[in-house]
Amino acid sequence: QVQLVESGGGLVQAGGSLRLSCAASGRTFSRYAMGWFRQAPGKEREFVAAISWSGGSTYYAESMKGRFTISRDNAKNTVYLQMNSLKPEDTAVYYCARRDGIVVVTTASGYDYWGQGTQVTVSS
């Protein structure tokens with residue numbers, strides 16, 4: 001059974017940084033594309049970033065480009081999201097997700113396993 005466990009969320013002032021981690025169970029982590037999504041209260045879940053199985057290709061939502069960086073360490077079965085220059089509108093629950101495939105997609109419906117989420121709150 002696949003388990004994804006996020007950590008690293010918290011409260012930060014605007015302009016600050018946080019690094020989220022997502023630890024995945026299983027021995028085949030390196031075969032799959034991974035993604036980060038977020039959901040703010042009253043809003044739909046939205047795409048944040050995704051990374052290919054090798055880490056060689058990364059994709060970002062437009063509003064995150066230049067501020068967020070997704071990376072992975074296949075030896076540690078972990079994917080990261082470095083978030084810089086945080087804004088109050090980045091406040092949300094952040095989820096990592098695994099796709100049962102190597103092709104990267106940016107829609108939530110394309111992912112098969114989800115973590116429980118970690119809260120990120122950015123104060124103004």
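Sequence positions, counted from 1, serve as the residue numbers for this chain.
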Enquirer: Can you tell me how far apart OG1 (Thr106) and OH (Tyr59) are? Round to the nearest 0.5 Å.
Expert: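 Rounded to the nearest 0.5 Å, the OG1-OH separation comes out at 10.0 Å.
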
Enquirer: Atom CE in Met83, atom CZ in Arg38: separation rounded to 0.5 Å?
Expert: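 The distance works out to 9.0 Å.
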
Enquirer: Quick one: are Val12 and Thr121 in side-chain contact, heavy atoms under 4.5 Å?
Expert: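 They are not in side-chain contact.
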
Enquirer: Establish, for the pair Arg72 and Tyr80, whether the NZ or CZ atom is under 6.0 angstrom from the six-membered ring centre and no further than 45 degrees off its axis.
Expert: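 No, cation not above the ring by the 6.0 Å, 45° rule.
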
Enquirer: I'd like to know if the side chain of Thr78 pairs up with that of Asp73 as donor and acceptor (distance under 3.5 Å, no hydrogens or angles considered).
Expert: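 Note: Thr78 and Asp73 side chains miss the donor-acceptor criterion.
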
Enquirer: Is there a donor-acceptor pair closer than 3.5 Å between any side-chain N or O of Thr118 and the backbone N or O of Tyr94?
Expert: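 The answer is no, because no donor-acceptor pair under 3.5 Å joins these two groups.
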
Enquirer: For a quick test of reading the model, state the closest non-hydrogen atom pair linking Leu11 to Ser123 and the distance between them.
Expert: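 For Leu11 versus Ser123, the nearest heavy atoms are CD1-CB, 4.3 Å.
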
Enquirer: Which atoms form the tightest heavy-atom contact between Ser71 and Val79, and what is the distance?
Expert: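 Residues Ser71 and Val79, closest heavy atoms: O-CG2, 3.1 Å.
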
Enquirer: Quick one: does Met34's side chain get under 4.5 Å of Leu4's, heavy atoms only?
Expert: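 In short, these two side chains touch, coming nearer than 4.5 Å.
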
Enquirer: Just so I know, are the side chains of Ser25 and Gln1 near enough to count as touching, which here means a heavy-atom distance under 4.5 Å?
Expert: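 Counting from C-beta outward, Ser25 and Gln1 never come under 4.5 Å.
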
Enquirer: After noting the C-alpha distance and the side-chain angles of Phe47 and Met64, does the key distance pass the side-chain contact (heavy atoms from CB on, under 4.5 Å) rule?
Expert: CA-CA 10 Å; Phe47 170 73; Met64 286 70 161; over 6 Å; no

Enquirer: With rounding to the nearest 0.5 angstrom, report the OG to CD distance, Ser124 to Gln13.
Expert: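 Answer rounded to 0.5 Å: 9.5 Å.
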
Enquirer: Answer with yes or no whether the hydrophobic clustering places Val48 together with Val93; edges join I, L, V, M, F, W, Y residues whose side-chain heavy atoms lie under 4.5 Å apart.
Expert: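 Different hydrophobic clusters.
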
Enquirer: Are Val120 and Asp90 close enough that some pair of their side-chain heavy atoms sits under 4.5 Å apart?
Expert: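 Not in contact.
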
Enquirer: For Trp114 and Ala108, work out which heavy atoms get closest and say how close.
Expert: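 The pair with the smallest heavy-atom distance is CZ2-O, 3.4 Å.
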
Enquirer: Is Arg98 positioned over the aromatic face of Tyr111, cation under 6.0 angstrom from the ring centre and no more than 45 degrees off axis?
Expert: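 No.
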
Enquirer: Is it the case that the side chain of Glu6 and the backbone of Cys96 share a donor-acceptor pair, with hydrogens and angles ignored and the cut-off at 3.5 Å?
Expert: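 Yes, the answer is positive, given that a donor and an acceptor are paired below the 3.5 Å cut-off.
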
Enquirer: Rounded to the nearest 0.5 Å, what separates atom OG in Ser52 from atom CZ in Arg99?
Expert: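 Taking OG in Ser52 and CZ in Arg99, the distance rounds to 12.5 Å.
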
Enquirer: Nearest 0.5 Å, please: how far is OG in Ser63 from NZ in Lys65?
Expert: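 Result: 10.0 Å between the selected atoms.
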
Enquirer: Determine yes or no for a side-chain-to-main-chain donor-acceptor pair under 3.5 angstrom, with Asn84 supplying the side chain and Leu18 the backbone.
Expert: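 No; judged by distance alone, with no hydrogens or angles, the pair does not exist.
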
Enquirer: Under the side-chain contact (heavy atoms from CB on, under 4.5 Å) rule, what do Tyr60 and Arg67 come out as? Steps first, then yes or no, please.
Expert: CA-CA 10 Å; Tyr60 298 92; Arg67 299 190 301 125; over 6 Å; no

Enquirer: Side chains of Tyr32 and Ile102: closer than 4.5 Å at any heavy-atom pair?
Expert: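 No - every pair of side-chain heavy atoms lies 4.5 Å or more apart.
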
Enquirer: Do Asp100 and Tyr113 have side-chain heavy atoms sitting under 4.5 Å apart?
Expert: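 Contact flag for Asp100/Tyr113 side chains = yes.
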
Enquirer: Starting at CG of Leu81, measure out to CZ of Phe68 and round the result to the nearest 0.5 Å.
Expert: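 Rounded to the nearest 0.5 Å, the CG-CZ separation comes to 6.0 Å.
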
Enquirer: Provide the closest heavy-atom pair for Ala92 versus Gln39 in the form atom of the first, atom of the second, distance.
Expert: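 Heavy atoms of Ala92 and Gln39 come nearest at CB-O, 3.4 Å.
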
Enquirer: Do the ring centers of Tyr95 and Phe37 come within less than 6.0 Å of each other?
Expert: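 No, the ring centres sit 6.0 Å or more apart.
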
